[in-house]
Amino acid sequence: MTHLQAGLSPETLEKAKVELKENPDTLHQDIQEVRDMIITRPDIGFLRTDDAFILRFLRARKFNHFEAFRLLAQYFEYRQQNLDMFKNLKATDPGIKQALKDGFPGVLSNLDRYGRKILVLFAANWDQSRYTFVDILRAILLSLETMIEDPELQVNGFVLVIDWSNFTFKQASKLTPSMLRLAIEGLQDSFPARFGGIHFVNQPWYIHALYTVIRPFLKDKTRKRIFMHGNNLNSLHQLILPEILPSELGGMLPPYDMGTWARTLLDHAYDEETDYCPESYTLSVKDLEKDLSPKTMKRSQSVVEPGVLKRPEKVKSEEENMQPLLSLD
């Protein structure tokens, strides 16, 4: 074991070896091979290239050197192309702070049975008069940046649960295809995290409609890890034990305190009042609609070509005991 693996438990070390093909004897060589590719992209400013940073991209792509480098390049390219999103990417930024305090995202204290961190989003909490969808995305990216520092989570990954209860059609109308694609590019294509499952619960018909719009931009692996549970929380509990879920998700724990994760990031600044108007945010919805409209959007190599969504007869993940589920209808 090298010093780069010092933060891993024996169980996670074995998982990294078996699932990710991580070899302590060649770890430094693997990292250097990715670093050597940087010269091929002089158009991108690689602002961080230390061993520990590159390692998280190798883990996210199972030590495929080329795929790890492509993810590393897309990570910085996404930030270059969306500079306003990453200005003042701090928990104290007014928009991010408002989103965090409303539970975007929520982070459960317990890990799932595979050691994955569980993120929860209660969609109806989105107060569109106080912060934008971009603020929510920035809060999620900031949170992931914080959590991905943990080497255990680099190997084990994350699970996302989105509860759409009481999410109105008016709120959904703000989730434009271009906005959703911005999120897909930021989370699926440009961030070194392993997502073991994305669970929708209590989703109304218009969320299904939005999903059909964005699914061509989802990788096949991502599609197979999206579970539409509807109001069938028993199917959710087959994959995430109710013992670690809050009562809103049919779990055995008390209702989730939306400020839990916000307090972790904000500390003493949590109770400080800040004035913020979503309309003042420099990256406006109209700007995004213009920049990401179908006429101006060009498919990059980082986005898979559209395909036909097939109903998976069996959903397989790296974990042997993951049960197959669900209808995507």
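A single hydrophobic cluster is seen to contain both Phe133 and Phe86, as judged by linkage of ILVMFWY side chains at heavy-atom distances under 4.5 Å, directly or through other members. Criterion: ILVMFWY side-chain heavy atoms under 4.5 Å apart, direct or through other members. Under it, Leu83 and Met179 are not part of a common hydrophobic cluster. With hydrophobic clusters built from ILVMFWY side chains whose heavy atoms lie under 4.5 angstrom apart, Phe158 does not share a cluster with Leu241. Placement of Ile39 and Phe69 in two distinct hydrophobic clusters is found when ILVMFWY residues are connected by side-chain heavy-atom separations under 4.5 Å, directly or transitively. Cluster membership for Val18 and Phe63, using ILVMFWY side-chain heavy atoms within less than 4.5 angstrom, is not shared.
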Lys97 vs Asp93, salt bridge (Lys or Arg N to Asp or Glu O under 4.0 Å): CA-CA, chis, key distance, verdict: CA-CA 6 Å; Lys97 181 177 179 179; Asp93 174 87; over 6 Å; no

Stepwise ring-ring contact (aromatic ring centres under 6.0 Å, His included) test for His3 and His28: CA-CA 11 Å; His3 71 280; His28 288 282; 5.8 Å; yes

Derivation and outcome, side chain to side chain donor-acceptor pair (under 3.5 Å), residues Gln154 and Asp150: CA-CA 7 Å; Gln154 293 172 21; Asp150 183 349; over 6 Å; no

Verdict with supporting geometry, Leu144 and Ile140, side chain to side chain contact (heavy atoms under 4.5 Å, CB included): CA-CA 6 Å; Leu144 287 172; Ile140 293 172; 4.1 Å; yes

Verdict with reasoning, Val155 to Leu13, per side chain to side chain contact (heavy atoms under 4.5 Å, CB included): CA-CA 9 Å; Val155 175; Leu13 273 172; over 6 Å; no

Step-by-step side chain to side chain contact (heavy atoms under 4.5 Å, CB included) determination, Leu4 to Ile31: CA-CA 11 Å; Leu4 291 169; Ile31 291 170; 3.5 Å; yes

Residues Leu108, Leu245; criterion side chain to side chain contact (heavy atoms under 4.5 Å, CB included); working and verdict: CA-CA 8 Å; Leu108 301 189; Leu245 290 174; 3.9 Å; yes

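At distances below 3.5 Å, at least one donor-acceptor pair connects side-chain atoms of Ser143 with backbone N or O atoms of Ala139. For the pair Ser190 (side chain) and Tyr78 (backbone), a donor-acceptor distance under 3.5 Å is absent. In this structure, Gln74 contributes its side chain and Asp189 its backbone to a donor-acceptor pair below 3.5 Å. Looking only at distances, no side-chain donor or acceptor of Thr26 sits under 3.5 Å from a matching main-chain atom of Gln29. Judged by distance alone, the side chain of Arg181 and the main-chain N or O of Phe217 form no donor-acceptor pair under 3.5 Å. In this structure, the side chain of Gln188 engages the main chain of Lys219 through a donor-acceptor pair within 3.5 Å. In this structure a side-chain-to-backbone donor-acceptor pair under 3.5 Å is present from Arg138 to Met85. Arg116 places no side-chain N or O within 3.5 Å of a backbone atom of Leu153 that could act as its donor or acceptor partner. When atom types are taken as modelled, the side chain of Gln128 and the backbone of Gln171 share a donor-acceptor pair closer than 3.5 angstrom.
Between Pro246 and Pro255, the closest side-chain pair of non-hydrogen atoms is not below 4.5 Å. Using a 4.5 Å cut-off on side-chain heavy atoms (C-beta onward), Arg35 and Phe46 make no contact. Residues Leu160 and Val120 are not in side-chain contact: their nearest non-hydrogen atoms beyond the backbone lie 4.5 Å or more apart. Between Leu253 and Pro242 there is no side-chain heavy-atom pair separated by less than 4.5 Å. Residues His199 and Ile162 fail the side-chain proximity criterion, which asks for heavy atoms closer than 4.5 Å. Put simply, the side chain of Asp30 does not reach to within 4.5 Å of the side chain of Val34, judged on heavy atoms. Between Phe191 and Ile148, the closest side-chain pair of non-hydrogen atoms falls below 4.5 Å. Here the side chains of Phe227 and Ser235 are not in contact, with every heavy-atom distance at 4.5 Å or above.
Here NZ of Lys15 is found 11.0 Å from CD of Glu11. Values are rounded to the nearest 0.5 Å. We find the NZ-CD1 distance between Lys221 and Ile226 to be 14.0 Å, quoted to the nearest 0.5 Å. Distance CD1/Ile136 to CG/Asp102: 8.5 Å, rounded to 0.5 Å. With rounding to the nearest 0.5 angstrom, the CD1 atom of Ile244 is 10.0 Å from the NE2 atom of His237. The line from CD of Gln238 to CG of Leu233 is 11.5 Å long, rounded to the nearest 0.5 Å. Between the CG atom in Asp25 and the OG1 atom in Thr2 there is a gap of 9.5 Å [rounded to 0.5 Å].
Screening residues 242-263 for ring-ring contact (aromatic ring centres under 6.0 Å, His included) gives no qualifying pairs among residues at least two apart or on separate chains.
Scanning both residues, Glu33 and Met37, for their nearest heavy atoms gives O-CG, 3.4 Å. Pairing each heavy atom of Leu249 with each of Val161, the nearest pair is CD1-CG1, 3.9 Å. Between Val201 and Asp163 the shortest heavy-atom distance is CG2-CA, 3.5 Å. The two residues Thr49 and Ile54 make their nearest non-hydrogen contact at O-CD1, 3.4 Å. The two atoms that bring Tyr131 and Asn125 nearest to each other are OH-O, 3.2 Å, heavy atoms only. Of all heavy-atom pairs spanning Ala73 and Arg41, the tightest one is CB-NH1, 4.2 Å.
We find that Arg263 and Asp267 are not joined by a salt bridge, their nearest charged nitrogen and carboxylate oxygen being 4.0 Å or further apart. Arg59 has a carboxylate O that lies under 4.0 Å from a charged side-chain N of Glu22, or vice versa, which qualifies the two as a salt bridge.
Asp36 and Gln32 share a side-chain donor-acceptor pair at under 3.5 Å. One side chain, Ser9 or Glu152, offers a donor N or O that lies under 3.5 Å from an acceptor on the other.
Residues passing the ring-ring contact (aromatic ring centres under 6.0 Å, His included) test with Tyr206, sequence neighbours excluded: Phe169. Tyr75 is linked by a ring-ring contact (aromatic ring centres under 6.0 Å, His included) to Phe53, Phe57, counting only residues two or more places apart in sequence or in another chain.
Not less than 6.0 angstrom separates the ring centroid of Trp126 from the ring centroid of Phe104.
Atom CG of Asn231 has 12 or fewer heavy atoms from other residues, nucleotides or ligands within 6.0 Å. Within 6.0 Å of CG on Asn110 lie more than 12 heavy atoms contributed by other residues, nucleotides or ligands.
No option in Arg48, Lys90, Arg79 other than Arg79 meets the salt bridge (Lys or Arg N to Asp or Glu O under 4.0 Å) test with Glu145.
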